[in-house]
Amino acid sequence: MTSRKHLCQIVPPYLVQRLNAGRLDQDNAFRAARTEHLTRVLAQLPAPEAGETAAEAGDWTVYTANNGTDLPGEKVRAAGDPESGDESADEAATGITGSLALFEEVYGRDSYDGRGIEVVMTVHYDRDYANAFWDGTQLVFGDGDGEIFQRFTKAVDVIGHELSHAVTEHTAGLVYQGQPGALNESMSDVFGSCLKQRLLGQSADEADWIIGAGLFTESVQGVGLRNMLEPGTAYDDPTLGKDPQPAHMDDIYDGTDDNGGVHINSGIPNRAFALAAKAIGGNSGDGAGKIWYAALTNGAVTTDTDFAGFAAATVAEAGDQAEAVTTAWSEVGVTLSSGSPAPDGEGPTLVRVRRSGGFLGRTKEGAAELAPSAAQVATVRNLVAGGATASKPKGADRYIYEFEVDGRTVVVHEGDMSPELRAVANELLES
């Protein structure tokens, strides 16, 4: 599942605006032009044959834009090549090698598309460019402006962050807006931090949980772009202002800036992950990281999943760690009550489905008592927690499904059923 292509940048627009008033307009113009270009190019690409992959697993190539804006630019180094002597290119090579190894060795994923596609990266993008981004086809890194930011390849978690945007795009496809967009940003911080901790050999307790440590120049009063464990504390600088990230749902940003606060509100799920990782213990990537990755990729999380829906999906995947994960989400104000699963040990959960309509107009019902962590429970709870309302019928003589869990119901027409929801309905109706 993929979402509409979008430009995912690690430096949020509100910081770019403070950095250079004209830079945000330039970035927005680039985003629009690049999106239009990508749409034209992607529309002309032939569909891959069955079993075809774009490259061997672990393949990557680093290019340089030579401080221009043409992408991908001039080839500098590819997988298997010795160091180039270009500091940014070699840092990008180290970061992407580690990132691909994390996804393959820990999560069993072959590159960002799951099929071994080559990762394309460009360094030395533009002049004084203080950002890094994933544009739908490749990763791009600027050299920084030298006043606030240093080169963006310097922080390995930035490289992991951008590659993770590609993973999210090719799995749940979380839209880059509102709570789903904040989850999109958070997933990138999660796996970027797991990469950094893995390369440093750190446990969750030993980690600093800072995203982009080392990016700021010495003139900035701050430690990095974000603090996952303590959102809102990463910087407090006369030029940049104070880190605006909330740590709890009570303080969630509900404005329209930053695509509805995707870089701001990501602090809430970021803290939930850090708390869960520390509670589970050990290496974050192998502990909480596996739970978060499973939730992202098991089909229960869709393009518009909100915080509560994603929390439900993580608890459903947590197994023996369900209580630790539930507590972590509760501490940031995302409660696992009516619309979300309870930890194991609190008794079975009753899930019902009622199918009506169809050519014959017959009604059939089914129900089952399932473990709170069961995937079927998470699928229905995600549907209900998302605030879904009755969809409009598509076509005639099709079935209408009414799902119930935790005393809450939602109606879905057959044409709007996801494969996962259809499987749950069929299982319950046959029980």
Side-chain angles (χ1 to χ4, degrees), residues 6-13 15-16 19 23 27 60 62-65 71 86-103 112 119-126 128-136 138-146 148-169 176 184-200 202 207-217 220 222-228 231 234-235 240 243 245 262-263 266-267 270 273-274 284-285 289:
H6 48 257
L7 194 70
C8 298
Q9 299 174 309
I10 193 160
V11 178
L15 279 189
V16 176
L19 196 64
R23 175 63 75 179
D27 282 354
W60 49 262
V62 182
Y63 297 82
T64 176
L71 296 175
D86 181 320
E87 192 168 32
S88 293
D90 292 335
E91 287 172 340
T94 298
I96 202 62
T97 299
S99 297
L100 291 171
L102 170 69
F103 280 105
Y112 61 80
V119 179
V120 176
M121 297 171 287
T122 296
V123 297
H124 304 306
Y125 177 77
D126 206 352
D128 302 326
Y129 191 74
N131 218 336
F133 60 85
W134 157 256
D135 72 356
Q138 70 162 98
L139 283 63
V140 182
F141 304 92
D143 291 331
D145 61 349
I148 302 295
F149 288 104
Q150 303 185 67
R151 62 187 184 280
F152 277 75
T153 53
K154 188 173 182 179
V156 71
D157 50 349
V158 171
I159 297 169
H161 176 105
E162 297 305 335
L163 182 70
S164 299
H165 275 306
V167 172
T168 296
E169 185 172 292
Y176 209 55
N184 192 319
E185 276 297 320
S186 179
M187 294 308 302
S188 284
D189 280 353
V190 161
F191 295 120
S193 187
C194 287
L195 167 65
K196 174 182 171 181
Q197 294 175 37
R198 188 173 195 244
L199 295 179
L200 292 175
Q202 294 177 331
D208 65 8
W209 294 102
I210 303 299
I211 297 298
L215 285 186
F216 287 145
T217 65
V220 178
V223 294
L225 291 174
R226 290 179 283 279
N227 184 327
M228 295 182 67
Y235 57 85
L240 298 180
D243 180 359
Q245 282 207 311
V262 300
H263 292 91
S266 61
N270 274 2
F273 176 81
S284 295

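- A search for side-chain contact (heavy atoms from CB on, under 4.5 Å) contacts involving T94 returns nothing, not counting sequence neighbours.
- Under the 4.5 Å side-chain criterion, counting only non-hydrogen atoms from C-beta, V220 is not in contact with L215.
- Taking 4.5 Å as the limit, some side-chain heavy atom of L240 sits within range of a side-chain heavy atom of F216.
- M228 has its side chain within reach of I211: a pair of non-hydrogen atoms, C-beta onward, lies under 4.5 Å apart.
- One N or O on the side chain of D157 and one on the backbone of G212 form a donor-acceptor pair closer than 3.5 Å.
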### Query
Can you list the steps and then say if Q245 with H263 is a side-chain hydrogen bond (donor to acceptor under 3.5 Å, both in side chains)?
CA-CA 8 Å; Q245 282 207 311; H263 292 91; over 6 Å; no

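- Under the rule for a side chain to side chain donor-acceptor pair (under 3.5 Å), S88 has no partner lying at least two apart in sequence or in another chain.
- Of all non-hydrogen atoms in S164 and G192, the two that sit nearest each other are OG-N, 4.4 Å.
- Considering only heavy atoms from C-beta on, Q197 comes within 4.5 Å of W209 through its side chain.
- Of all heavy-atom pairs spanning G289 and C194, the tightest one is CA-SG, 4.4 Å.
- V156 is linked by a side-chain contact (heavy atoms from CB on, under 4.5 Å) to L195, K196, L199, counting only residues two or more places apart in sequence or in another chain.
- Partners of S99 by side chain to side chain donor-acceptor pair (under 3.5 Å), not counting sequence neighbours: none found.
- Below 30°, between 30° and 60°, or above 60°: for F149 and F152 the angle between ring planes is between 30° and 60°, a tilted geometry.
- In this structure, Y125 and N131 have side chains that are not in contact, with every pair of non-hydrogen atoms separated by 4.5 Å or more.
- Checked against side chain to side chain donor-acceptor pair (under 3.5 Å), N227 has the following partners two or more places apart in sequence or in another chain: T233.
- The side-chain contact (heavy atoms from CB on, under 4.5 Å) search around A89 returns V62, V76, S84, D86, V123, not counting sequence neighbours.
- The main-chain N or O of A93 is found under 3.5 Å from a side-chain atom of T97 such that the two form a donor-acceptor pair.
- Looking only at distances, no side-chain donor or acceptor of S266 sits under 3.5 Å from a matching main-chain atom of S186.
- Qualifying ring pair (Phe, Tyr, Trp, His ring centres under 6.0 Å) partners for F103, counting only residues two or more places apart in sequence or in other chains: Y107, F191.
- You'll find the side chain of L139 reaches within 4.5 Å of the side chain of V119, heavy atoms only.
- Within the structure, salt bridge (Lys or Arg N to Asp or Glu O under 4.0 Å) contacts touching residues 88-101 (residues at least two apart or in different chains) are R77-D90, E91-R151.
- Applying the side chain to side chain donor-acceptor pair (under 3.5 Å) criterion to E162, with sequence neighbours excluded, gives no partner residue.
- Within the model, atoms CD of E185 and CG of N270 stand 9.0 Å from one another, a figure rounded to the nearest 0.5 Å.
- Among residues two or more places apart in sequence or in another chain, the side-chain contact (heavy atoms from CB on, under 4.5 Å) test is passed with Q150 by K154, T217.
- Heavy atoms only, all atoms of each residue included: G95 and I159 are closest at C-CG2, 3.7 Å.
- Residue W134 holds its CH2 atom at 11.0 Å from OG1 of T168, rounded to the nearest 0.5 Å.
- The shortest distance between side-chain heavy atoms of M187 and H165 does not fall below 4.5 Å.
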